[in-house]
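Below: the structure, in structure tokens.
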Amino acid sequence: MSDMEWSELSPLFAQIGARLESLEAQVALLSEKVGVGYMPVAQPVPPEIVALARSGKMLQAIQQYRALTGASLDEARTAVMGL
């Protein structure tokens, strides 16, 4: 990609990033209001958790996620169920 192409795309990526942050905040607020757990995907889920979830071992994935991240049960369940 040439420098000119990047200079044209960079502002667009910045706008998309800002819009996603705004949407993420709205989803978090709405989730809180209706009592549904929501955990933004700010950090990637560790690969061992993904492997457990994809093999159908959801309970183990949730337990392992909590152990690795210190997340609450609801946060861990939301993260794992979102895989």
Side-chain angles (χ1 to χ4, degrees):
M1 181 177 298
S2 72
D3 288 337
M4 184 172 182
E5 290 172 341
W6 177 251
S7 66
E8 293 171 0
L9 291 176
S10 184
L12 294 174
F13 287 135
Q15 289 175 343
I16 292 168
R19 182 68 179 148
L20 285 174
E21 286 179 22
S22 174
L23 290 170
E24 185 102 13
Q26 289 177 335
V27 169
L29 179 63
L30 290 170
S31 295
E32 182 181 325
K33 295 288 183 186
V34 297
V36 176
Y38 175 75
M39 183 175 162
V41 183
Q43 300 175 2
V45 176
E48 59 267 30
I49 306 301
V50 174
L52 285 169
R54 289 188 178 162
S55 68
K57 299 175 181 175
M58 301 305 273
L59 183 58
Q60 288 175 297
I62 292 168
Q63 291 171 337
Q64 187 69 17
Y65 186 89
R66 290 188 73 197
L68 291 175
T69 65
S72 71
L73 178 60
D74 286 337
E75 291 169 337
R77 185 179 314 124
T78 300
V80 170
M81 298 306 261
L83 296 175

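- A continuous path of ILVMFWY side-chain contacts below 4.5 Å connects L68 to Y65, so both sit in one hydrophobic cluster.
- Listed by chain and number, the residues in a side chain to side chain contact (heavy atoms under 4.5 Å, CB included) with L12 are L9, Q15 (sequence neighbours excluded).
- Closest heavy-atom contact between A71 and A76: CB-N, 4.2 Å.
- One N or O on the side chain of E75 and one on the backbone of S72 form a donor-acceptor pair closer than 3.5 Å.
- By the side chain to side chain contact (heavy atoms under 4.5 Å, CB included) test, E32 is found to be paired with no residue, residues two or more places apart in sequence or in another chain being considered.
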For residues 16-23, dump all side-chain donor-acceptor pairs below 3.5 Å to protein atoms at least two apart in sequence or in another chain.
none

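- To the nearest 0.5 Å, atom CG of residue L29 and atom CD of residue E24 are 12.5 Å apart.
- Partners of L73 according to the side chain to side chain contact (heavy atoms under 4.5 Å, CB included) rule, which considers only residues two or more places apart in sequence or in another chain, are I62, R66, R77.
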Between side-chain atoms of residues 46-59 and protein atoms elsewhere (two or more places apart, or another chain), which donor-acceptor pairs fall under 3.5 Å?
residue	atom	partner	partner atom	Å
S55	OG	A51	O	3.2
S55	OG	L52	O	2.9

